[in-house]
Amino acid sequence: MGGDRGPGVVVAAAKRIARRHPHVRLKLVGQQSELQPLVAHDDAQLSVVHASEIVAMDESPADAVRRKKDSSMRVAINLVKNGDAAACVSSGNTGALMATAKFVLKTLPGIDRPAIMAEIPSTEGRVYLLDVGANARCDAQQLFQFAVMGSIVVSQLQGHAKPRVGLLNIGSEAEKGNEITREAAQLLEHSGLNYIGFVEGNDISRHRADVVVTDGFTGNVALKTMEGTASLVAGFLRQSFEHSLLSKLQGLIALPSLRRLKQQLDPRAYNGASFVGLNGIVVKSHGGADDVAFEHAIETALLEIQDNLPAEIHRWLTSEAA
C-alpha cells in the first residue's frame with residue numbers, strides 16, 4: 001500500500017513474477033477493497049491478506065511500530081515471522097519498514113544493527129554498497145559487521161568465493177579518514193575477509209571492490225549522487241542528439257548503442273535493497289518504482305530465499321565465534 005504509485009504497481013509486478021515462476025505464491029497485503037479488484041479470479045498464485053491500516057510515507061518509524069499494529073507493513077512482516085511467507089517486499093516508508101522489521105524479526109545473534117544493502121552498476125558488473133540509509137552513525141564494530149554480512153551476501157548471490165571488501169574513505173592512504181574508519185580497517189585487516197583497504201567514491205564505478213562498506217549517511221548520499229549522475233548523463237545525451245537534424249541522424253545510427261547504455265544505467269534493473277542482519281528476509285523497493293522495478297525487487301527476494309541468506313550469515317558468525 002506504500003510507495004508513490006499505489007498498489008497497482010505491486011499487483012502488476014506480482015503477476016509478472018507469477019508468470020515467470022509458476023511455483024511461487026505471492027500474498028498481497030493491504031486493504032482488500034483496493035487489492036481484490038486488481039486480482040483476477042484465475043490468478044491462483046496471488047492471494048490477498050487484509051490489513052486495515054496504512055503507514056504514511058512521512059510517518060515516524062516509532063509511531064508506525066507503536067500505533068499501526070494492523071498496517072500492511074506490520075502484517076506482511078508478521079507473515080515472515082510466523083513462517084507464512086519466506087520474505088517481505090515493500091516500497092513503503094523506509095524508516096518505518098526498518099523499525100518494524102527490527103522490532104518483529106529481531107537481529108541475528110552477533111549483529112548490533114541491520115544495514116540496507118544496494119546494488120550499484122559498475123564497469124565489471126555490480127558492486128554492493130552498505131549501509132545506504134539505516135544507520136546514520138556507526139562505530140567500527142558495526143562497520144565490521146556490515147563488511148561480514150555484505151561479503152556473505154555477495155558470496156552467495158554472485159558465487160564469489162572471496163569477494164573483495166573495501167571501506168569507503170576520502171583517500172586510499174592508511175592515515176586518511178576519521179578514527180572510526182581507521183579502527184574498522186584494523187578489524188578488517190585481521191579478519192578472514194578479503195579486505196583490500198580503503199576505496200574512494202570513484203572506485204565504486206570502477207569495481208575496485210565487490211562490497212563497499214560505509215555508514216548510512218555517507219552511503220545514502222553516495223547512492224543518490226550516483227542516481228542523479230546517471231539521470232544527468234542520460235539528459236545530456238538526449239539533448240545532444242536532439243540539437244539539430246544532423247545530430248538526430250547521428251542519434252539514429254547510434255540507437256543500438258544508446259539502447260544498450262540505457263539498459264545498463266536503468267535504475268529499475270537495480271531496484272531492491274536488502275535489509276541484511278535481520279532474522280528474516282526483507283527487501284525495500286524504491287518508493288517511485290514502477291512495475292518493472294518492483295518486479296526486480298521481488299526477484300532479489302527470491303534469490304535470497306533460494307540461498308537462505310539469514311541462515312548463511314548466522315552460520316558464518318557462529319563459526320567465527322567458535
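Everything numeric here is computed off the predicted structure, so don't read it as measured data.
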Would E299 and H21 count as a side-chain hydrogen bond (donor to acceptor under 3.5 Å, both in side chains) if you check the C-alpha gap in whole Å, the side-chain angles of each, and the deciding distance to 0.1 Å? CA-CA 10 Å; E299 290 282 7; H21 303 282; 3.1 Å; yes

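- Judged purely by distance below 3.5 Å, without hydrogens or angles, the side chains of S274 and E304 pair a donor atom with an acceptor atom.
- With a 6.0 Å radius and a threshold of 12 heavy atoms from other residues, nucleotides or ligands, E173 has its CD atom above the threshold.
- Not one N or O on the side chain of K15 forms a donor-acceptor pair closer than 3.5 Å with the backbone of L46.
- The backbone N or O of G92 sits less than 3.5 Å from a side-chain atom of K284, completing a donor-acceptor pair.
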Go through V282 and V80 one step at a time and tell me if the side-chain contact (heavy atoms from CB on, under 4.5 Å) criterion holds. CA-CA 9 Å; V282 178; V80 177; 5.7 Å; no

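- Tracing side-chain contacts under 4.5 Å through hydrophobic residues (I, L, V, M, F, W, Y), one never reaches V49 starting from V89; they form parts of separate clusters.
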Under the side-chain contact (heavy atoms from CB on, under 4.5 Å) criterion, do H50 and S52 qualify, and how do the steps go? CA-CA 7 Å; H50 180 66; S52 63; 4.1 Å; yes

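- For T100 (side chain) and A96 (main-chain N/O), a donor-acceptor pair under 3.5 Å exists by modelled atom type.
- Contact between R315 and E312 at its shortest, heavy atoms only, is NH2-OE1, 2.9 Å.
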Passes side-chain contact (heavy atoms from CB on, under 4.5 Å), L278 versus L108? Steps please. CA-CA 6 Å; L278 293 169; L108 291 166; over 6 Å; no

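- By the criterion of side-chain heavy atoms lying less than 4.5 angstrom apart, applied directly or through intervening Ile, Leu, Val, Met, Phe, Trp or Tyr residues, I116 is not grouped with F217; the two fall into different hydrophobic clusters.
- Judged purely by distance below 3.5 Å, without hydrogens or angles, the side chains of T181 and N169 never pair a donor atom with an acceptor atom.
- L309 and L79 are not part of a single hydrophobic cluster, where members link through side-chain heavy atoms under 4.5 Å apart.
- Using a 4.5 Å cut-off between side-chain heavy atoms of Ile, Leu, Val, Met, Phe, Trp and Tyr, with links allowed through other members, L26 and V48 fall into the same hydrophobic cluster.
- Q142 places a side-chain N or O within 3.5 Å of a backbone atom of D139 that can act as its donor or acceptor partner.
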Run the side-chain contact (heavy atoms from CB on, under 4.5 Å) check on V211 and R164 step by step: do they pass? CA-CA 6 Å; V211 179; R164 297 165 298 167; over 6 Å; no

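- In summary, D291 and R16 engage in a salt bridge, as defined by a charged side-chain N under 4.0 Å from a carboxylate O.
- In this structure, the side chain of D215 does not engage the main chain of C138 through any donor-acceptor pair within 3.5 Å.
- Note: the hydrophobic cluster containing V148 also contains I180 (ILVMFWY, side chain heavy atoms under 4.5 Å, direct or indirect links).
- Around the CZ atom of R67, the shell of radius 6.0 Å holds no more than 12 heavy atoms that belong to other residues, nucleotides or ligands.
- Under the 3.5 Å distance criterion, the side-chain polar atoms of R25 are matched with a main-chain donor or acceptor of P22.
- Summarising the local packing, NE2 of H314 is surrounded by 12 or fewer heavy atoms from other residues, nucleotides or ligands at distances under 6.0 Å.
- One N or O on the side chain of K106 and one on the backbone of F103 form a donor-acceptor pair closer than 3.5 Å.
- Exactly one residue among E53, M1, E59 makes a side-chain contact (heavy atoms from CB on, under 4.5 Å) with S71. That residue is E53.
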